[in-house]
Every structure is written in C-alpha cells, then in structure tokens.
Visitor: 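Have a look at the structure that comes next, please.
Everything quoted here is computed from the prediction, not taken from an experiment.
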Amino acid sequence: MAVLPVEQAMPVIPAIGEALSSHAVNPWVASAYLASGVLFILALRGLSSPSTSRSGNRYGMLGMLIAVVTTLVTHDIASLPEIVGAIAIGGGVGWVIARRIAMTDMPQLVAAFHSLVGLAAVLVGWAAFLNPDSFDLLVVTGVESTADTIKLMTAIAPVSRIEMALGVAIGALTFSGSVIAFLKLAGKMSGAPILLPGRHIINLGTIIAILVLTGLFAMDRVDNTTYFVAITALAFLVGFLLIIPIGGADMPVVVSMLNSYSGWAAAAMGFTLHNTAMIITGALVGSSGAILSYIMCKAMNRSFISVIAGGFGAEAGGGGDAAKTDRPWKRGSAEDAAFLLKEAENVIIIPGYGMAVAQAQHALREMGDVLKEHGVNVRYAIHPVAGRMPGHMNVLLAEANVPYDEVFELEDINSEFAQADVAFIIGANDVVNPAAKTDKTSPIYGMPVFDVEKAKTVMFIKRSMGGVGYAGVDNDVFYMDQTMMLLADAKKMVEDIIKNLD
C-alpha cells in the first residue's frame with residue numbers, strides 16, 4: 001500500500017494504473033530476444049543428429065549469450081561487479097563439475113541440473129512475490145482518502161499471481177522430483193519403486209489442491225502469503241510423490257519428463273519477469289522434452305499419461321524374477337570370442353549400461369577398429385532407452401570417437417540381425433530380451449527390442465549369471481544354443497579380446 005500527500009497523489013492517479021499494468025518492450029530488445037529464440041531453435045535442430053551436435057551447441061551458446069547480455073544491459077538488476085562475481089562463481093563450479101564428472105555419472109548430473117532449474121524458478125517466484133514493485137507487478141485496487149493524504153491500495157495483478165503460482169508449483173515439483181531421480185540414479189537410494197497405498201488418489205488430490213489454491217490466490221484482494229506458502233509446499237510434496245513409485249528401468253523417461261517440467265517452469269517465470277527470451281526458451285525446452293518423453297514411452301511400451309501420473313514403472317522396475325542360472329548355458333573365453341569375431345563378415349555391437357559402468361567405450365571402439373582392419377563390417381546398434389538417460393549410449397560412443405555413420409537406431413538396423421554373423425552385446429540386457437515379444441506376463445512385454453536371437457552367434461558380456469537387467473527379469477538369450485557368455489568386467493574382456501585379435 002502506497003501513501004502520498006493529496007497534492008502529489010492527485011496528478012498521478014489517472015496514470016498510475018496504466019503505468020503499472022503496461023510493460024512496453026523496446027523493439028531492439030524484442031529483436032534481440034527473437035534472435036536468441038531462433039538460435040535456440042537451430043540448436044535443437046543441430047542436436048537432433050550427432051554429426052551436427054557441435055554446431056547445435058554453438059548456436060545454443062550464442063543464443064544464451066545474446067539473451068543474457070540483452071537482459072543485463074536493459075535492466076537495472078545489480079551492479080556489474082555483483083553480476084560478474086555471480087557468473088564467475090557459477091561458471092567455476094560448472095567447470096569443475098564438467099572436468100571431474102565421469103560419463104557414467106552423466107544421468108544423475110542431468111537430474112541434478114534439472115533440480116537447480118526448478119529451484120531457480122521457485123526462488124524467482126518468491127522474489128517477485130516479496131518485491132512485486134521491483135518486477136512491475138502491482139496494480140491499483142482502490143483509493144482511500146483523508147484530509148491530508150490519499151492512500152493508493154495496490155496488489156499484485158491477478159494474472160501475475162497465476163503466472164507466479166504456476167511457475168513456483170512446476171519449479172518445486174521439478175526440484176523435488178529431480179532430487180529423488182538423482183538419488184536413485186546415483187545409487188544413494190534404492191532403484192526399486194516405493195509404492196504408497198492409494199498413491200494415484202493422493203497425487204491427483206494434491207494437484208487439484210494446488211490448482212484450487214492458485215485460483216483462490218489469484219482472486220484474493222490482498223497478497224495472501226498463506227496461499228503462496230501452501231502452493232509451494234504442496235508442489236514440493238507432489239514432486240516427491242510422483243517419482244518415488246517409479247522403478248529404475250524407467251528412469252530414462254523420468255529424466256526426459258523432468259527436463260520438460262523444468263522448461264515449463266522457466267516459461268512461467270518468463271511471464272512473471274516479462275522476459276520474452278525466457279518464455280521462448282522455456283517453451284522450447286518444455287515441448288521438446290515432452291515430445292522426447294512421448295517417443296521414449298513408445299520405445300518402452302509405456303503410456304504417456306502414465307508418465308505424467310507417476311508410478312508407471314512400479315510393476316517393471318527393480319525386483320522381478322531372479323535369474324534362472326540352473327538352465328544350461330555356454331561359457332566362452334576372450335580367445336574364443338576373438339577367433340569368431342575375426343572370422344565374421346558382419347558384426348553388430350549392442351552397448352548398454354554395463355558398458356558405461358565399466359567405461360569400456362574406448363576399448364570397444366579400439367576393438368571395432370581392429371576388426372575393420374581385418375575386413376569385418378562393424379556397426380553399433382543403439383536402443384532409445386539404453387542406459388539411464390536419453391541418448392546415453394550415443395554420448396559414450398561419441399566420446400570414444402566412434403564414427404557417426406556406424407551408429408544406428410533400433411528401427412534402422414533391427415532387420416539386419418538375420419544377416420549378422422555376430423551380435424556382440426556388452427552390458428545390455430532388457431533391450432535384447434525376447435520376452436518383450438513373446439511373454440505377455442513379462443513386465444517388459446510390448447517393448448521393442450533388438451532381434452539378436454536371429455544372429456548366427458551371440459556374444460554376451462556380463463559380470464555374472466546371477467544378475468538380471470534393471471527390469472528384474474531373466475533373459476532367454478543367455479541360454480540359446482548360439483550364445484556364448486563372456487563373464488567378466490566389460491572393459492577387461494574387450495581388452496583381452498583385442499590382444500587375441502592381433
């Protein structure tokens with residue numbers, strides 16, 4: 001509430017409502033933000049292919065640079081030393097993390113970054129709520145006059161309250177959900193689903209409560225802190241409740257969906273801050289993350305609505321049948337594998353999370369190079385959900401400098417297994433399990449998998465016969481007549497094979 005003397009208040013009353021409710025944008029600023037948006041779109045386009053991913057990253061970096069510089073130049077946010085100091089601290093932390101983080105830890109790093117985006121949205125929303133005048137969010141709601149003063153009654157505009165509430169809610173959900181995802185991916189929390197009784201009713205009721213509170217918050221005549229606190233607290237809670245019932249096998253979709261949530265949180269905060277670049281960027285991240293989640297759901301035979309509802313991996317994640325090690329199987333050695341690989345004409349390599357854990361991608365690329373020197377046609381087959389995040393295997397193979405034209409997606413190479421002399425499986429399991437096609441009782445039934453059973457010889461690297469995949473089910477490929485089990489650490493086994501190829 002603002003208080004002004006009569007002689008000062010009277011001339012400005014007609015203009016104050018207009019000034020507080022209008023947010024004219026400088027055309028040059030709008031043009032700069034538009035350029036940033038175009039560059040972000042080009043970045044997404046570039047990232048759609050490994051061969052153009054570097055240029056895509058450059059477009060994204062340039063777009064963000066333009067957006068940040070434009071914002072700093074056109075807004076009186078803080079002193080230059082404060083801004084430079086904050087950038088230096090954040091950049092330094094990011095540099096250290098990027099240098100130290102192992103590629104096997106990339107999924108949990110992505111989840112951690114998503115949590116920071118969500119937390120940033122919450123903090124910005126609360127900053128706007130506590131200092132609405134600094135964000136140009138106030139409108140005049142009434143006038144009270146006395147003999148000496150005129151009291152202008154101001155409050156946050158209803159539309160701004162809705163934007164703030166949604167931004168904070170989505171941000172809080174993203175933060176708590178990403179923290180749980182990080183703990184599961186990092187092994188600091190069990191990957192098995194934690195099922196609460198009536199969890200779907202609890203989740204739905206909590207989300208409805210958030211929407212109702214948002215409506216009450218928007219219609220209230222004053223800026224009610226109780227509503228805003230309740231919205232924030234319930235959103236933190238629902239993020240936790242949505243992720244804990246999800247099994248580890250479905251974590252790639254979770255990471256993708258949390259990425260989408262972080263984008264929508266940023267877009268909502270863009271409206272609050274009247275920042276076009278944030279709106280564009282958030283919408284791009286949110287929509288692309290949702291599209292990727294949908295694609296991955298199809299790849300895993302999951303319902304997209306189930307992803308949003310939470311608990312969709314409860315029946316498939318962590319804790320199914322134990323491996324049936326009493327069934328007959330054949331064990332091979334590095335010497336046996338090297339002999340068969342050198343005699344082959346076509347070899348298809350299927351990497352999985354086990355390769356990432358063993359950090360065997362460089363040794364695998366070296367083995368591929370040696371085989372090519374012997375005249376063998378070597379290709380790599382990547383399943384959409386191999387690993388613990390979207391594109392996990394693609395990133396590892398790119399790090400090892402595997403040529404892009406040797407890497408194929410499931411739908412492009414699956415028909416080639418019938419002509420393959422060797423299907424070389426390193427650390428994968430569920431994505432090559434034929435139960436997905438034949439066993440209607442299997443938790444992975446309906447998920448598209450590689451037809452490795454059609455290859456003349458199958459080589460399967462895993463640590464022991466006692467383990468099963470993340471979905472917790474046994475794999476009939478282990479026991480096929482043409483399968484040779486290579487039980488060892490993936491990196492050591494591949495290195496031993498290379499020695500025997502010479």
Visitor: Under the rule for ring pair (Phe, Tyr, Trp, His ring centres under 6.0 Å), what residues qualify as partners of Y353, not counting sequence neighbours?
Guide: none

Visitor: In sequence, state the C-alpha distance, the side-chain angles, and the governing distance for V402 and L364, and then conclude on side chain to side chain contact (heavy atoms under 4.5 Å, CB included).
Guide: CA-CA 9 Å; V402 172; L364 187 66; over 6 Å; no

Visitor: Would you indicate whether the side-chain heavy atoms of S176 and L237 approach each other to under 4.5 Å?
Guide: no

Visitor: Taking CZ in F271 as the centre, count heavy atoms belonging to other residues, nucleotides or ligands within less than 6.0 Å. Is the count above 12?
Guide: no

Visitor: Which heavy atom in A490 sits nearest to a heavy atom in G354, and how many Å separate them?
Guide: CB-O, 4.3 Å

Visitor: Counting only heavy atoms from other residues, nucleotides and ligands, does the tally under 6.0 Å from CD of E345 exceed 12?
Guide: no

Visitor: Answer whether the closest heavy-atom distance between the side chains of N346 and R379 falls below 4.5 Å.
Guide: yes

Visitor: Within the side chain of N475, is there an N or O that forms a donor-acceptor pair under 3.5 Å with the backbone of N429?
Guide: yes

Visitor: Can you tell which of I348, T457, I497, V452 makes a side chain to side chain contact (heavy atoms under 4.5 Å, CB included) with F424?
Guide: I497

Visitor: Would one find more than 12 heavy atoms of other residues, nucleotides or ligands at under 6.0 Å from atom NZ of K492?
Guide: no

Visitor: Which word best sums up how the rings of F450 and F417 line up, parallel for under 30°, tilted for 30 to 60°, or perpendicular for over 60°?
Guide: tilted

Visitor: For residues D430 and V449, report the shortest heavy-atom separation together with the two atoms involved.
Guide: O-CG1, 3.6 Å

Visitor: Provide the closest heavy-atom pair for M393 versus G352 in the form atom of the first, atom of the second, distance.
Guide: SD-O, 3.5 Å

Visitor: For atom CZ of F339, is the number of surrounding heavy atoms from other residues, nucleotides or ligands below 6.0 Å larger than 12?
Guide: no

Visitor: Please report the closest heavy-atom contact between L166 and A268, naming both atoms and the distance.
Guide: C-CB, 4.4 Å

Visitor: Do side-chain atoms of S178 reach the backbone of A112 as a donor and acceptor pair under 3.5 angstrom?
Guide: no

Visitor: Side chains of N275 and Y33, heavy atoms from C-beta outward: is any pair under 4.5 Å?
Guide: yes

Visitor: Please identify each residue that fulfils side-chain hydrogen bond (donor to acceptor under 3.5 Å, both in side chains) with D336, with sequence neighbours left out.
Guide: S333

Visitor: If you count the non-hydrogen atoms of other residues, nucleotides and ligands that lie under 6.0 Å from NZ in K454, is the total more than 12?
Guide: no

Visitor: Give the minimum heavy-atom separation between I382 and P351, together with the two atoms involved.
Guide: CD1-CG, 3.6 Å

